[in-house]
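Excluded from the calculations below are hydrogen atoms, water molecules and symmetry mates; all remaining heavy atoms, backbone and side chain alike, are included. As the structure is a prediction and not an experimental result, all values here were calculated from the model.
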Amino acid sequence: MDVFCSHSGLDPLWDWNRTWHSSNPDLTQCFQNTVLVWVPCFYLWLCTPLYCLHLRHHDRGYICISRMCWAKTVLGFFLTFYGFVESLYLLLERYQEIQHHLVFLVSPVMRSLTMVLAVCVIHLERMRGCRSSLFLFVFWLLASVCSLVPLRSRVLLVIEEGFSVDAVRYLSFFLYVSLQLAQLVLCCFADPPPDSAKPGLGKNPCPVSDASFLSKIFFWWFGGLVFRGYRSSLQAEDLWTLREEDTSDRILSDLENDWTLQCAKLQQWDRPVGEAAGGAAGVSLRPRLMEQTLLLRKLQMEQSCGFRLLHMLTRRFGPYFLSGVLCLILHDAFMFTIPQVLSLLLGFMREEDAPLWKGYFFAALLFLLSSLQSLCNHQYLYTCFSVGMKVKTAVMGLVYRKSLVLTSAARQACTVGEVVNLVSADTQKLMDFVVYFNAVWVAPIEIALCFFFLWQHLGPSALAGIATIIIIFPLNGFIAKKRSKLQEVQMKYTDGRLKLMNEILGGIKILKFYAWEKAFKDRVLEQREMELQALKRSQILYSISIASFNSSSFLIAFAMFGVYVLIDSRNVLDAQKVFVSMALINILKAPLSQLPFAMSTTMQAIVSLKRLGKFLCQDELKADSVEKAPYSPEGDSLVIENGTFSWSKEGPPCLRRVSVRVPRGSLVAVVGHVGSGKSSLLSALLGEMEKRSGRVTVRGSVAYVPQQAWIQNASMRENILFGREVKDSWYWKVVEACALLPDLEILPAGDATEIGEKGLNLSGGQKQRVSLARAVYCDRTVYLLDDPLSAVDAHVGQHIFDRVIGPKGLLRDKTRILVTHGLSYLPQADLILVMVDGEITEMGSYPELLGRLGGFAELIRAFVSSESKESSAHREADVQTHSAGSRRSASRLSLTDFMPSSRDLSHEQLISGDTCSTSLQNRDSVSEPHQELDQGEKGRLTEADQAHTGRVKLEMYREYFRTIGLMLILPIVFLYAFQQAASLSYNYWLSLWADAPVLNGTQTHANVKLGVFGALGFAQGVAIFGTTVAISVGGIRASRHLHLDLLNNVLRSPMAFFERCPSGNLLNRFAKEVDAIDCMIPDGLKMMLNYLFKLLEVCIIVLMATPFVAVVILPLAIFYAFVQSFYVTTSCQLRRLESVSRSPIYTHFNETVQGACVIRAYGEQPRFIREADHRVDHNQTAYFPRFVATRWLAVNLELLGNVLVLAASVLSVMGKASLSPGLVGLAVSHSLQVTAILSWIVRSWTDVENNIVSVERVKEYADTPKEAEWTIEDSNLPESWPETGTIEFQDYGLQYRKGLDWALKGISLHIQEREKVGIVGRTGAGKSSLALGIFRILEAAKGDIYIDGVNIAKIGLHDLRSRITIIPQDPVLFSGSLRINLDPFDAYSDQEVWSALELAHLKSFVLTLPDKLNHECAEGGENLSLGQRQLVCLARALLRKTKVLVLDEATAAVDLETDNLIQSTIRSQFEDCTVLTIAHRLNTIMDYTRVMVMERGHIVEMDSPSQLIAQRGRFYYMCREAGLA
């Protein structure tokens, strides 16, 4: 190159005396005309082929030529023209001696050709849809930077020689540089979107797609949302629509197929063992061995499933993640360059004759490198969080899809609470893993590089630092392993707590009826205490880890400096060695502190992956268990050939040797005792059971009505339509046929009325009719009806049978399988299946079965005979007996529920003031303002989770710190102050040591200096441990208190609260918000206080060295305070919006898991999956700006914070004469930390405020209305109360809410002891309202109720509810032992429990169970039949045996024989009690003392049944409809 330049008469390429060893540095002309011109050209020519390949594979559409594109093109041609003109001018001027000017000829030609290539790339990008080019920006930046040196040279020449000497050349060069700068500026803006680009997914598309790459690097595109949030509180509508690549649909479209393939591979891998097990089944010697082998293989498969999931996610998101890793590598490169530049700066400070420009150059270089380090770091973190968000979406989608295909056995193993924990806690762990995983491999590399550079400064003494690390690491590895085990324990208790809370929220009404809140509260607190104990042990271990790693920088420095000065007295610690080493050690601190956290996060992620793997590899329902055939007008609709079925692979068969053929269009009735397998038969037809042998064929589409109606939290119309198109005529025909028209008149907004979760504001009969209407409206070929008439009264049941199910009903041409206990419907059935113990014992038409004289015929004859004897007692009145008698005999055998719609709307409408009054009279007379609502408002029941606005109130902080306690807060503050004082002292001591004079090649008193340094450092380490332990303990104390408050507030809330508040909202509080209070707030406080005190230390040190820095620090502090206030408002609101949008996900998951069999039966999985995806996407729309906000803050603050580095460095250079190198080293090395410190303070402050929102949301329920006190102290209520059971109502009135009609009006009556009173009436009459009033589920609006002369309003709720008993219509069981379900307080002996079971006709069943009373009931009692659950509720009442008993259709789900036994048990065992029966079957109250007939909240008739029939009033007509008169 020197020869090439010398031919053109130029200097050599490089001259150190001219460039470095000079007070006025400059580059040689050769360098300026070759290297500075060629570098940008080589970059463009070498990289263009690769870039073209990239564009070929990333076509985003075609962009039309815009004004900006025209401008770039024109500028490009001008630049090209300039180069060619320059070359032409040279050829014309120097043609004769051109060989001596080759440098000046080659450079312009190369530059011009490069400009042509640049214009071509501009248009290639336009045609491939690239809107903003980093590739060209780097080129124009290189070209502009390389032009700066020639520009400076030209300017100096103009100053020396004057402009007129060569005006044209100067002017053209200045113009050329200006055009390059213009290209650089234009390159910072984005082009318009391609013509083929899809319009935004919503009205408010994310601006990142319109942002230039420069805007993306600095996150300027996010600024608009911050400004909007600062001006006014953000609402959900202000958030951007999710980018297409982040949507569930896009992420899961390929992922779902990949996972299916992975599962198929796992099943193939597992099949040989299964076959081997099957082959060994007959060998009696090895069953235990094979069982153990299968268990081991299952565990291996679960683990393998977790890692396959990780592998699949890596394949899917790995490439994008790698772009972030590239940013991380660049960040590390800049990070390690900074100490080398600091070393040069300190070397400059030591050289007295060094030119000042070098100091300014090093200061500027420190600023530039720090800024580039910040940009790369936050691009890396942005990429990680983006990938983490995608992983969250992917995992949630897979879990939801899996929950739709789980077998019954798998559903029992994976409860709703566990599924909620998977999508909340475990997905969060995976997101953390994505962010911190790279530290696992990057940290060791960074540590190695640090020691490499330390070796260069301190020689072999650096080995002492390595030895220190070797000592620290095993300790922390051991701690990480221990913490991983503790986390597993903690997660197990968290799962148990959430599972229990989910059950409590689902069965809250039963808890209130039985006064069991305290027992279940104690169970929750027991789980919570175990959870917190595990957390406490984990946090103490973590504190040891944090203390060792935070002290590691001191320990390493102490070891290395100690060895360095002790091995040779001539080893001198000067400023350069000390502070460059300390800068490297400070770098070392990051990987050392990140590594344990990364290891911990990785271990937690492995645990979560195992848990997810275990869930995702649970058994799925087999698609081939039922052969789906297309509809055919010929042949059988349903065929089962020699079928044997069980609920699990390992469990015993529930159905054996089942063979049945159902002709098309026939009505088949299935009858049998409780637990005989009737519902199981329908489940087998739906493919819900494990098929052991045989064949099942179903022709055509299926509709299913389960025994317990599954109702969505949606409007009644939406529940009936179930995703189908509206066909008005058909819809109203179905509604009328299902007897729903009277209900629509009562509901406040008709069929637009919102139905609460699980149908809370509907009666049992209404829920069942809605469920039936859904099936009828869907218009399917085959209908599977699981006892749908058990929850409706006789006349409604007959109406539904005639209009829907029977031979003349809407379904007359459909194939219907009807499970029923109602014998009156059997004569109209085409085929009857009689089931006993899981087998079909008899099959045939009604006359055929009677003619065979088998068990069925005996059953019919026995009950006809029984009825005729029993009914003769009620013929005293002038009752028509002939024509009605035959009808009565059939109807008496009806096992249907005689609850006229009479289980009035109010029964569970309880309290919802949002549903309107159940009373029908004076509906339009109410004129209060809140009644003037549109249909949507009137029909709304549940309240969406609301986000608070603005900053978090100071009261929340006070509340949190109050629970920690002043006795703990003061030591925490003192320990932090002591910790930073020790840190400041040992750092300042180092600067004094570095400036100590060197005498005879040694420093005096090195041992003393080392001892003082060591003592101060060890004091800091002890303080660090103390602060972390104290904050952890304080956080756990606050968490325990806040969780207890939340639990108390929820359990003390009235039933209206649970109707309005979806369970997902409450579960969100107990899951995510409690988790944030457990971990996030204490961690945030640790970080914030640590950095706050560290900032104080740095400011003191920098001001000690360069007091003039105060001029920079003061405005920076004001600006930081402004940004903190500016940003935190937006960030907190985003946190709230994200929390609020998370609740509907849990609600939907909960609802789906409970109704999975219905969803599958109707084939509605795709629609529910779309809804789940939509809810997850809605949550991500708030999460995405939330993490971008942190990046926006950090980048902009760190860039401004780097100004402090620049100021400290420049002022140190300016004060070179008066400052010692030690003080400068101390100030500059600490100023390098201030950027990160200030940024971390704002971020940790924001994190604390974001997470203190959890305290706000947990305390939200403190101010909601509460029930009366559970118990009243100093109450003089006798222990034996009530002794007689007399009940008196005095002018009693009841309202659901002020302003609504009276549900009960002026009820006055006296019920004597031992009296049996039946309560009857139509829907909305107020029957159940009476029961709710007795139990004070609703408080009286006027009047009083007295039991044994005691006003129940004056005693505690538990004193009342624990001493009277109700048997509710909906049998609710909780997970736990059977004994706990009967006696949660353990107040009765085993003998008493067995006695109650015997009287409830359950003893023989319980004796067959392996664990007897300790039999584990599944969540919701799913492993017991509905009838068995109802008998358990009866056993509860028998066990309590109080003097007052309220029956609310206790036998709706049991067969005829069991019903008769139960009725006789109630009559005999409660003979001495006052019994109030809400009569759904009138025959059950015909022998009662009195019957109360209610209508519109009044008692219209009350007398003995015989007298009322004789009076021929309302009761007479009701009996006539039921065939009893």
Side-chain angles (χ1 to χ4, degrees), residues 1-47 79-118 138-163 165-181 183-184 344 355 357-358 360-361 364-365:
M1 187 62 78
D2 287 346
V3 174
F4 182 56
C5 288
S6 63
H7 280 309
S8 300
L10 298 176
D11 300 335
L13 183 69
W14 192 259
D15 183 355
W16 282 106
N17 291 322
R18 189 171 177 181
T19 54
W20 191 250
H21 304 298
S22 167
S23 58
N24 186 23
D26 199 2
L27 295 171
T28 65
Q29 285 297 310
C30 177
F31 194 92
Q32 289 184 34
N33 286 282
T34 55
V35 174
L36 293 185
V37 175
W38 296 354
V39 164
C41 300
F42 285 156
Y43 161 77
L44 194 68
W45 284 99
L46 291 173
C47 295
L79 290 168
T80 305
F81 179 72
Y82 172 81
F84 282 130
V85 167
E86 191 178 359
S87 304
L88 187 63
Y89 174 77
L90 188 67
L91 284 170
L92 293 174
E93 281 288 315
R94 303 281 190 268
Y95 177 72
Q96 298 297 332
E97 41 191 38
I98 193 66
Q99 66 273 19
H100 298 300
H101 297 85
L102 285 176
V103 169
F104 301 104
L105 179 65
V106 170
S107 292
V109 171
M110 183 180 289
R111 200 162 49 197
S112 297
L113 292 173
T114 304
M115 293 304 163
V116 172
L117 180 61
V138 172
F139 166 70
W140 294 119
L141 183 65
L142 274 174
S144 300
V145 169
C146 289
S147 298
L148 290 178
V149 176
L151 180 65
R152 175 180 175 272
S153 300
R154 300 287 200 286
V155 170
L156 290 175
L157 279 173
V158 167
I159 292 170
E160 287 177 15
E161 300 175 1
F163 186 74
V165 175
D166 200 349
V168 174
R169 185 181 289 274
Y170 289 147
L171 191 62
S172 61
F173 181 78
F174 292 154
L175 182 62
Y176 174 79
V177 173
S178 301
L179 292 174
Q180 277 189 333
L181 288 172
Q183 281 282 33
L184 179 64
L344 293 172
W357 71 265
K358 288 186 180 181
Y360 295 130
F361 173 71
L365 199 56

Side chains of Val155 and Ile159, heavy atoms from C-beta outward: is any pair under 4.5 Å?
yes
Got a second to check how far Leu179's CG is from Leu175's CG, nearest 0.5 Å?
4.5 Å
Do any side-chain atoms of residues 139-151 form donor-acceptor pairs under 3.5 angstrom with protein atoms, and if so which ones, sequence neighbours left out?
residue : atom : partner : partner atom : Å
Ser144  : OG   : Trp140  : O            : 2.8
Ser147  : OG   : Ala143  : O            : 2.7
Ser147  : OG   : Gln180  : OE1          : 2.7

Going by the rule side chain to side chain donor-acceptor pair (under 3.5 Å), which residues pair with Arg154 if we only count those two or more places apart in sequence or in a different chain?
none
Interatomic distance, Leu365 atom CG to Lys358 atom NZ [nearest 0.5 angstrom]:
14.0 Å
Going by the rule ring pair (Phe, Tyr, Trp, His ring centres under 6.0 Å), which residues pair with Tyr360 if we only count those two or more places apart in sequence or in a different chain?
none
Measure the OG1-CH2 distance between Thr114 and Trp45 for me, rounded to the nearest 0.5 Å.
6.0 Å
How long is the span from the CG atom in Leu79 to the OG atom in Ser112, to the nearest 0.5 Å?
9.0 Å
Under the side chain to side chain donor-acceptor pair (under 3.5 Å) test, residues paired with Trp357 that sit two or more places apart:
none
Set of residues satisfying side-chain contact (heavy atoms from CB on, under 4.5 Å) with respect to Leu157, sequence neighbours excluded:
Glu161, Tyr170
side-chain contact (heavy atoms from CB on, under 4.5 Å) assessment of Arg111 paired with Tyr176
CA-CA 11 Å; Arg111 200 162 49 197; Tyr176 174 79; 2.6 Å; yes
According to the salt bridge (Lys or Arg N to Asp or Glu O under 4.0 Å) rule, which pairs have a member within residues 37-46, sequence neighbours left out?
none
Suppose we screen for side chain to side chain donor-acceptor pair (under 3.5 Å). Which residues come up paired with Thr80, at least two apart in sequence or across chains?
none
Crowded around Phe81 CZ? As in, over 12 foreign heavy atoms under 6.0 Å?
no
Using 0.5 Å steps for rounding, measure from the SG atom of Cys41 to the CG atom of Leu36.
11.0 Å
The criterion is side chain to side chain donor-acceptor pair (under 3.5 Å); which residues satisfy it with Tyr82, sequence neighbours excluded?
none
